[in-house]
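Below, chain A is the first sequence line, B the second, and so on; all start at residue 1.
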Protein chains: 2
Amino acid sequence: MTSVEEPVRPGGRMRDAARTQAEILDVATQEFARAGYDGARVDEIAARTRTTKRMIYYYFGGKEQLFTAVLERAYGVIREAEQQLDVEHLDPVAAIRRLAELTFDHHEQHPDFIRLVSIENIHGAEHIAASEKLGRIGSPALEVIRRILATGQESGLFTADVDAVDLHAMISSFCFFRVANRHTFGALFGRDLVDPAQRAHYRTMLGDMVIAYLTAERTTD
Amino acid sequence: MTSVEEPVRPGGRMRDAARTQAEILDVATQEFARAGYDGARVDEIAARTRTTKRMIYYYFGGKEQLFTAVLERAYGVIREAEQQLDVEHLDPVAAIRRLAELTFDHHEQHPDFIRLVSIENIHGAEHIAASEKLGRIGSPALEVIRRILATGQESGLFTADVDAVDLHAMISSFCFFRVANRHTFGALFGRDLVDPAQRAHYRTMLGDMVIAYLTAERTTD
DNA sequence: GCACTAATGTACGAACCAGTACGTTAGCTA
DNA sequence: TAGCTAACGTACTGGTTCGTACATTAGTGC
């Protein structure tokens with residue numbers, strides 16, 4: 001997520017709009033993820049930047065729009081990751097398992113993103129609604145699921161009545177919960193869902209769950 | 001969740017510590033769920049109560065402790081609901097499905113609780129950690145799962161290597177995600193996960209998923 | 001090298017908000 | 001019914017925090 005890392009602009013431009021904006025977004029992402037929207041402090045973001053609060057208002061307009069920009073960039077990152085998906089050369093069962101595992105990995109590697117999404121849900125997704133960019137961002141992963149599902153259903157490997165969006169929700173819910181709710185779950189049940197020693201276990205569990213669901217004969221009652 | 005509903009204390013005591021505390025907790029639950037911990041306003045809570053801000057500090061000590069008290073009561077409610085669980089007269093498959101459905105129903109009926117848990121996770125479960133009551137609250141549902149799982153595994157209906165806490169996490173993740181992330185999911189994928197018309201569909205989907213996972217033959221590789 | 005504008009820094013204000021000092025009264029008990 | 005205390009109300013404060021008015025400079029085009 002960090003886009004800026006030069007120590008003290010060695011020989012570079014002193015005034016660089018793109019770099020300043022990227023740095024603000026980096027720090028703002030951390031701060032919003034750390035403390036939530038209302039808990040985040042604009043002054044704190046400015047202080048941890050090589051620029052001043054003035055610049056936040058100059059480039060983004062305000063706290064609200066800054067948070068929207070943070071969300072836009074965070075969603076852009078997963079969108080790019082999803083575009084790199086390369087699983088359709090596998091057979092449907094292996095492809096779905098691989099897709100689930102990549103989703104699992106991505107969630108684990110981007111806890112800040114998970115927190116931002118949780119925060120945005122607390123606020124009723126009003127920033128996504130206010131963003132033109134996020135309105136029609138789409139999901140490459142969804143298209144991949146759609147195609148794998150179609151192949152698997154044609155060949156009779158998968159049960160026919162499964163929808164791509166639903167399957168995406170199923171996979172996401174497990175991956176998301178594991179990261180987002182690890183604190184309360186750990187405090188109440190004494191088990192750390194993101195314990196590295198348990199990582200492979202939960203990754204396999206997710207794949208098993210999804211494949212079992214897709215290949216089970218449904219009892220129509 | 002609402003414990004107080006008398007219109008304007010008809011003939012009752014004017015000074016009633018228990019009623020005042022319960023009313024503060026009711027309103028605080030709504031306010032914290034609405035706006036998050038930092039977004040919630042103590043003045044707003046007081047204003048929507050028949051008492052004053054002074055009383056909040058008199059009874060609870062401060063905003064932080066008030067939130068902890070809200071969490072304690074909210075977790076107490078699900079604990080009570082879980083103690084009413086009566087599924088062990090069913091065969092293991094039906095019992096697990098029924099348990100999953102009841103979890104599904106409970107999450108749907110208590111969106112405020114879901115929001116409080118999300119908020120508490122944003123803050124690293126620090127209030128649960130600070131609460132003696134919540135430290136060892138336990139989970140009746142977990143015990144039920146444990147027993148059903150044992151029966152199902154003994155009879156060979158279920159695969160042997162499933163843990164009760166893991167299964168609880170699996171069920172919870174689906175139920176929780178559906179309610180907690182409905183706003184962002186709806187905004188991004190154009191599908192309302194809590195649409196009443198889709199309720200039965202997702203309820204069945206959850207049961208199918210869990211049962212498929214428990215009864216699938218595992219490919220040990 | 002001059003002028004113009006994008007980029008930046010400083011200092012401040014006004015509203016907000018958690019928390020409290022101080023005073024009052026209902027209701028119980030002896 | 002006197003007295004005591006738990007329960008309650010009012011008014012205020014001190015610090016915080018988003019946002020901005022005003023001043024300045026780096027870089028660019030001519």
Side-chain angles (χ1 to χ4, degrees), chain A residues 3-4 6 8-32 34-70 119 123 126-127 130, chain B residues 3-4 6 8-32 34-70 119 123 126-127 130:
Chain A
S3 313
V4 181
E6 314 95 281
V8 66
R9 48 198 129 170
R13 300 162 51 89
M14 296 195 69
R15 300 191 163 191
D16 186 332
R19 207 224 61 223
T20 300
Q21 289 175 47
E23 190 176 355
I24 291 171
L25 283 177
D26 286 344
V27 177
T29 298
Q30 293 169 27
E31 174 69 1
F32 280 123
R34 182 188 67 79
Y37 178 77
D38 291 289
R41 298 288 161 244
V42 177
D43 282 297
E44 178 64 20
I45 294 170
R48 281 159 51 190
T49 300
R50 271 173 290 172
T51 183
T52 62
K53 185 166 56 159
R54 177 71 182 77
M55 288 297 97
I56 294 174
Y57 288 89
Y58 183 68
Y59 284 121
F60 298 97
K63 187 180 183 181
E64 204 96 25
Q65 295 101 305
L66 176 60
F67 183 70
T68 302
V70 164
I119 292 160
H123 294 86
E126 61 182 7
H127 303 95
Chain B
S3 314
V4 181
E6 314 97 282
V8 65
R9 46 197 130 173
R13 297 163 50 91
M14 293 196 70
R15 299 189 163 193
D16 185 332
R19 207 225 60 220
T20 300
Q21 289 176 47
E23 189 176 356
I24 291 172
L25 283 177
D26 286 344
V27 177
T29 297
Q30 294 170 26
E31 174 69 0
F32 280 123
R34 181 188 67 81
Y37 178 76
D38 291 289
R41 297 290 162 241
V42 177
D43 282 297
E44 179 64 22
I45 294 170
R48 279 160 51 192
T49 301
R50 270 173 288 173
T51 183
T52 64
K53 183 164 58 157
R54 176 72 183 76
M55 288 297 99
I56 293 174
Y57 288 89
Y58 182 70
Y59 284 121
F60 298 97
K63 188 181 182 182
E64 205 96 23
Q65 296 102 304
L66 176 60
F67 184 70
T68 303
V70 165
I119 292 160
H123 293 86
E126 60 182 7
H127 303 94

**Prompt:** D:dC8 phosphate, OP1 or OP2: any side-chain N/O from B:Thr52 under 4.0 angstrom?
**Reply:** no
**Item:** Those residues of residues 61-70 of chain B lying under 4.0 Å from DNA chain D by at least one heavy atom
**Value:** none
**Prompt:** Counting only N and O atoms by type, is there a donor-acceptor contact under 3.5 Å from the side chain of B:Gln21 to the main-chain atoms of B:Tyr59?
**Reply:** no
**Item:** From C:dG19, D:dG9, C:dA7, nucleotide with atom closest to B:Tyr57 side chain
**Value:** C:dG19
**Request:** Taking only the side-chain nitrogens and oxygens of A:Tyr58, find out if one of them lies under 4.0 Å from OP1 or OP2 of D:dT20.
**Result:** no
Check nucleotides 21-23 of chain C against the protein and report each pair of N or O atoms closer than 3.5 Å, with its distance, or say if there are none.
none

**Message:** What is the distance, to the nearest angstrom, from the OH atom on A:Tyr59 to the P atom on D:dG19?
**Reply:** 19 Å
**Message:** How long is the straight-line distance from CD1 of B:Ile45 back to CZ of B:Phe60, given to the nearest 0.5 Å?
**Reply:** 10.0 Å
**Prompt:** For the helix from C:dG1-D:dC30 to C:dA30-D:dT1, what is the angle between the axes at its two ends, each from 5 pairs, rounded to 10°?
**Reply:** 20°
**Asked** Can you name the residues that form a salt bridge (Lys or Arg N to Asp or Glu O under 4.0 Å) with B:Arg34, not counting sequence neighbours?
**Response** B:Glu31
**Asked** To the nearest Å, how far apart are A:Arg50 CZ and C:dT8 P?
**Response** 11 Å
**Message:** Once rounded to the nearest 0.5 Å, what's the spacing between atom CD1 of A:Ile56 and atom CG of A:Leu25?
**Reply:** 10.0 Å
**Prompt:** So, do B:Met55 and B:Thr52 sit near enough that their side-chain heavy atoms are less than 4.5 Å apart?
**Reply:** yes
**Item:** Nucleic acid contacts of residues 40-47 of chain B, taken as heavy-atom distances under 4.0 Å to DNA chain C
**Value:** B:Ala40, B:Arg41, B:Val42, B:Asp43
**Prompt:** Rounded to the nearest 0.5 Å, how far does CD1 of B:Ile24 lie from CZ of B:Arg19?
**Reply:** 9.5 Å
**Request:** Ignoring backbone atoms, test whether B:Thr20 places a side-chain nitrogen or oxygen under 4.0 Å from the OP1 or OP2 oxygen of D:dC8.
**Result:** yes
**Asked** Within this structure, what is the CD-to-C1' distance between A:Gln21 and C:dT8, rounded to whole angstrom?
**Response** 13 Å
**Partners passing ring-ring contact (aromatic ring centres under 6.0 Å, His included) against A:Tyr37 (at least two apart in sequence or in another chain)** = A:Phe32, A:Phe67, A:His123, A:His127
**Asked** What heavy-atom pair brings A:Ala40 and A:Ala35 nearest, and what distance separates the two atoms?
**Response** N-CB, 3.7 Å
**Message:** What's the separation between atom NZ in A:Lys53 and atom NZ in A:Lys63, rounded to the nearest 0.5 Å?
**Reply:** 11.0 Å
**Expected output: side-chain A:Arg41 to main-chain A:Asp38 donor-acceptor under 3.5 Å** = yes
**Item:** Protein-nucleotide distance (B:Met55, atom CE; C:dT24, atom P), rounded to Å
**Value:** 16 Å
**Message:** Whole angstroms only, please: what is the NZ-P distance between A:Lys53 and D:dA21?
**Reply:** 13 Å
**Request:** Give the rounded distance in Å between these two atoms: CZ of B:Phe60 and C1' of C:dA18.
**Result:** 16 Å
**Message:** Please give me the minimum heavy-atom distance between B:Ala28 and B:Val70, naming the atom from each residue.
**Reply:** CB-CG2, 3.7 Å
